[in-house]
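Worksheet for the structure shown next.
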Amino acid sequence: MFPLTVENKHVAQLLLSTGTCPRCIFRFCGVDFHAPYKLPYKELLNELQKFLETEKDELISEVPNPPPKKIRLQELEDGIDGMDNLSQNGEGKISIIEDGSIASKNSNLNVCNVCLGILQDFCEKEFIKKVCQKVEASGFEFTNLVLSISFPPQLSVREHAAWLLVKQEMGKQSLSLERNDTVQLKEAYKWITHPLFSEELGVPIDGKSLFEVSVVFAHPETVEDCHFLRAICPDCFKPAKNKQSVFTRMAVMKALNKIKEEDFRKQFPCPPNSPKAVCSVVEIECAHGAVFVAGRYNKYSRNLPQTPWIIDGERKLDSSVEELISDHLLTVFKAESFNFSSSGREDVDVRTLGNGRPFAIELVNPHRVHFTSQEIKELQQKINNSSNKIQVRDLQLVTREAIGHMKEGEEEKTKTYSALIWTNKAIQRKDIEFLDDIKDLKIDQKTPLRVLHRRPLAVRTRIIHSMETHYVDEHHFRLYLKTQAGTYIKEFVHGDFGRTKPNICSLMDVTADILELDVESVDVDWPPALDD
Amino acid sequence: MATEPETPVAASAKEPAVPSLVDRYFTRWYKAGQGNGICKDVENSREYCVIGGRIIPSNNTGSIFAPRRICVITLAGSHPVLQSGKAIKGISYQISTNCSRLQNKVSGKFKRFLTELAPLCKIYCSDGEEYTISSCVRGRLMEVNENILHKPSILQEKPSSEGYIAVVLPKFEESKSITEGLLTQKQYEEVVVKRISATTATS
C-alpha cells in the first residue's frame, strides 16, 4: 500500500518537482516503516506519479505562494524541464501529461538532489551483489558481519537544505516539522540493504561482529558544497594533523547545527540543485578485528633474542622467540601482521625453564578465525616440532580483555632464577651457607649501565625473597633466588660497578661474576593451563 | 715507579681465567698523558681508562636496536694517584664556584653535555698534590660516582669497577667516533713501556 496520504501531497509534489527521488520523499514525509523503501525504484516512481496525479486538479486550484524565482530558474538551468513543474499558480508552467507516467519519460531520472543516488541505484540488489562479490573474493572467514557505510559530507548539507524547504512548505499548511519527523538517510539505507546483504552472503548482520565490510562513497562534483560553512563557522573546521580534508562529516554536522537558517539560505540553494552524476564508490574494504592467541614459552637457547635484533638494517642474530612462535600463527590465521607481548622477558643469553613465560600474540586482520581446540593443539605441536630453541605450551585463543592478566604478572608476581656464579677468591661451603638464611633482602639498583642508554637513570628498590646455594667448586657455586618482579639478577651478582647495593660481591666480600642465568619460573597463573 | 697497566685477569685462578665484568661487557680505551717518564704531574694526570661499552647482546627493545655506547670513566693504571704510597685526602666534584657535578640533575640537558676537556672532579692527595680529572669523552654526563666521595680508598683499590669516576653517554651520531682520539689497551701498554724505557734511559 502506498505510504503517502493526502497531507503529504504538497511536500511530495514539491520535492519531486525539484529533483528528489521517491525514497527521499518518503523520508521527508516521515515514512518510518521499512516495506515501502524496499520496493523497486521504478515501481516507486510510478506509484508516486499516480498518487500525485489523481488529485492534480486539487493542486492546480489552490493558490499558495509561488516558489521563489530562484528555484525555478535553477530547475531550468539544470535541465529538468522534463520534470513536471506543477507549480502552484499560473506563473509556472503547467504541463499536463496524457499518458500519466512521467516516470517512464524520465526514468533515467536525474540524480536525486538530496541523496545523490544513494537511495536510487546504490541500495538495490544489483549494487549489493557487486559488493558481495568483492567480499567473497577477499577470502575472509566469517559467520556474521557489520556494515560500515560512509557517505560524503555534502549529503548533510543537502539534507539540511531539503529539510528547510519541507519545513517551509509545511509551515504554509500550519504544520510543524521537527528533526525527528524525518527519516535519516543512513537509517533508510540500512533498512533496505541489510536484508539484501544477509541474503546474498548467507550470514546475519550483527553490530558486534568483528568482521567489517566498509563501503565509502564520494561525490567529487559537489565537494565544494560544504566550503561555505567554513566562512561562517571557522572554528568547526580546524585542520587536524591526520586528516586530508577539514570537511569531515562531524565538522559539517557541527556547523549545520550552528548556522542560522537565513545565513544558510543565502549561501546554499533550497532546494539543492541536481547533480549530473551519481556518487562513486571510493572503496569497498573488508577487515577482521584482531584475535588473540596466548600460551607459555620455554627458551632453551642462550643465543636467541626475544624480538628480532637488527642494527643498521643488518640482522645480528638469527631469528627470535617471537618469530619462531608467530610465523606459524601468521600463516594459519592468514593474518596481516602480529603484535607479540609477554609477561616480562629474558636476555638473549638466558634460558627460560619450568612452566615457561606467559605470552600473547595479537593477530591483525586474520582471514581465518575459527579453530577447534584440536586444531590449536596441532598448531602447538607444529610450532614445537619446528624448533628446539623454543617450546610452547597451553596455546589457546583468548579475548583482548584477558591480556590484562599477563601484564599484571609482569609487575606484581615473583620470579625464580638459577645462576652459575664465579668468584675470584677460593670459597668453601661454609662461605656461602649464610646466603640461604637471608630472607626478603632489600636491594637498591641504579639503572644498570647496560640499559642506561634507553632507560632513565633511577634507583629501584627490589626484594630478594629467598636464596638457596649449591656448592660446585672452589670458584663456582649455583645460586637459586626468588625475587620481586623487575629485579636485575646479573647486576645483583656482579654489583654493576657498585651501583646495585647490596650485591653478592659485597655480601661475600669477593669479586663475583655471573656465568649463566636461567629463569626457573614465572609465577603468573595465566593463561589457564591445558592438559596437553 | 711506573706500574703495569692493570690486568683484567685474576692472577690466582688455576682454571682458565674468567674475564672480569669490565672485560666481558666493555672495551677499554685509554687516553695517555704527554711527555716522558720524568713528566710533570699535570701532564701525567691525563691518564684515563675509558671503558666504553660495546653492544651487549641482551634485552633489546623492539626490532631496531640503537647501539649507544655508554662510557665509564676511570683512572688508568699508570695514573699517579694509583701509584703505591699515594694517599687521597679527599675528592671533590665542585669543579668551579658555580658548578658541582653532584648537582647533575635530570633536567637542564645542556649543562650536562661535556666536551673532552670538561673537568669531572678534583683529587686531593695528602702529599699536597692535586689532580683534575677530565672527561676525555664528549657526551652527556649521566652520573658521577658518589661512593668515592665517602670512601676515597675505593678509587685506589678498585679503580676499574667500584672506583669509577663518572658515566658518560656520547651522542648517538658520535658513538663510533669517540674512540678516534683514544688508544686501545695494546697501544696504551706500548706507550707505557716506551715511557718506562725512556725514563730508565735518562735516569
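So that the names make sense, note that chain A is the first sequence line, chain B the second, and so on, each numbered from 1. Basis for what follows: all heavy atoms, side chains included, without hydrogens, waters or symmetry-related copies. Owing to the predicted nature of the structure, the values given are computational and were not obtained by experimental measurement.
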Below 4.5 Å, heavy atoms only, C-beta onward: do A:Leu452 and B:Leu169 meet side chain to side chain?
no
Report yes if some heavy atom in the side chain of A:Lys501 is under 4.5 Å from a heavy atom in the side chain of B:Asn147; otherwise report no.
yes
What's the shortest heavy-atom distance between B:Tyr164 and A:Phe497, and which atoms?
CE2-O, 3.2 Å
Please report the shortest heavy-atom distance between A:Leu457 and B:Met142, naming the atom on each side.
CD2-O, 3.2 Å
A:Arg499 versus chain B, heavy atoms under 4.5 Å apart: side chain, backbone, both or neither?
side chain
How about CG on A:Asp327, more than 12 heavy atoms from neighbouring residues, nucleotides or ligands closer than 6.0 Å, or not?
yes
Any Lys/Arg nitrogen of B:Glu143 or A:Lys446 sitting under 4.0 Å from an Asp/Glu carboxylate oxygen of the other?
yes
